[in-house]
Amino acid sequence: MRKTIMLALALVASATFCQAYTGPKKEKKKKKGDTTIVAEPVKLTSATDSISYALGMDATNGLVPFLIQQLHVDTAYMPKFIEGFQATLDKEQNKKELTAYSAGVQIANMVEERMIPNASKQLGGAVDSISADLFYKGFLAWLKKDSTLFTNTTAQKYVVDTRETHSKKLRMDGEKFLTENAIKPGVNVTQSGLQYKVLQEGHGEIATKDDEVEVKYEGKLVNGTIFDSSYQRNPQTTKFKPTQVIKGWTEALTMMPEGSIWELYIPQNLAYGERGAGEIPPFSTLIFKVEVVKVNKKQEATK
């Protein structure tokens, strides 16, 4: 029973716990300047009353951790949570108004916590940073139908043009880097355009596309920005088949003997291309230090 009640409470909480408060009609403040709310005394006059009240109290089991962990409520502001809860239950409140206000609160949190960071990643370094304040103002301008600075269409075009200009620069920077790198001592170039330099010779097994490799690695952009490193995790090794990674890695892993450490210089078309990935902008040439710790050969089925 408790699990059922808490599940229902969690579903309701996700939509209503951050509601606006306009003041419960049946409660009064003590005096001017005193924010303490005086509730009407509760009277339990029947078994139904008692079980209802007891169930309500029992249903709060685990509520505070839920508020802290899932809704990021600071318990110092629990009186405000209570006000919002009461306002939502107050039949005299305008439900549509509360729903709209609650949606505004939730979207504002989403913009701050997800939209702005994601927008910054999508630009992939096209600008040094995004101004959160101006992002909010642009967001609200569309909602208010304010086209003083941009229309929705011109804003979208500006974003696309900025991204394309930066992507073109990244492609040209990558091509320039590879051209200059190809003639450096110790750098090998394969037919596909993959470049690599042997930092440590390995003498073990060489993986096929059906085998599993256990590797350590570090990846960076040509400007030196590190975007991923297994050396910063515990454990430092990770396992996968050569076919489960980008083309440049697939080619290298099926050439590297166990125990090898190579530095790979991967053209954008053998990496993530126009898609990009996470902190990797579209059309980025990538540099990886890759260490093949172990090759696990595919086990042949016994007859």
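Throughout, numbering of the chain's residues begins at 1 and tracks the sequence.
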Do T254 side-chain atoms and T250 backbone N/O form a donor-acceptor pair below 3.5 Å?
yes
Flag yes if more than 12 heavy atoms outside Y136 fall under 6.0 Å of its OH atom; otherwise flag no.
yes
Do the side-chain N and O atoms of T238 and E214 include a donor-acceptor pair separated by under 3.5 angstrom?
no
Can you tell me if Y217 and Q236 form a side-chain donor-acceptor pair at under 3.5 Å?
no
Pairs touching residues 182-211 that satisfy salt bridge (charged side-chain N to carboxylate O under 4.0 Å, His left out), sequence neighbours left out
D211-K297
Please lay out, stage by stage, how K176 and E180 fare under the test salt bridge (Lys or Arg N to Asp or Glu O under 4.0 Å).
CA-CA 6 Å; K176 181 176 183 291; E180 295 174 352; 2.9 Å; yes
By the salt bridge (charged side-chain N to carboxylate O under 4.0 Å, His left out) test, which pairs, at least two apart or in different chains, include something from residues 231-250?
D228-R233
K289 to Y231, cation-pi by 6.0 Å centre distance and 45° axis angle:
yes
Counting N and O atoms only, with roles assigned by atom type, does the side chain of S284 sit under 3.5 Å from a partner on the main chain of I280, one being a donor and the other an acceptor?
no
Are a donor atom and an acceptor atom from the side chains of Q195 and N181 found within less than 3.5 Å of each other?
yes
Just by distance, no angles: are the side chains of T190 and S192 close enough, under 3.5 Å, to form a donor-acceptor pair?
yes
Taking transitive links into account, so neighbours of neighbours count too, which hydrophobic residues share a cluster with I287 at under 4.5 Å side-chain distance?
F177, L178, V187, V222, Y265
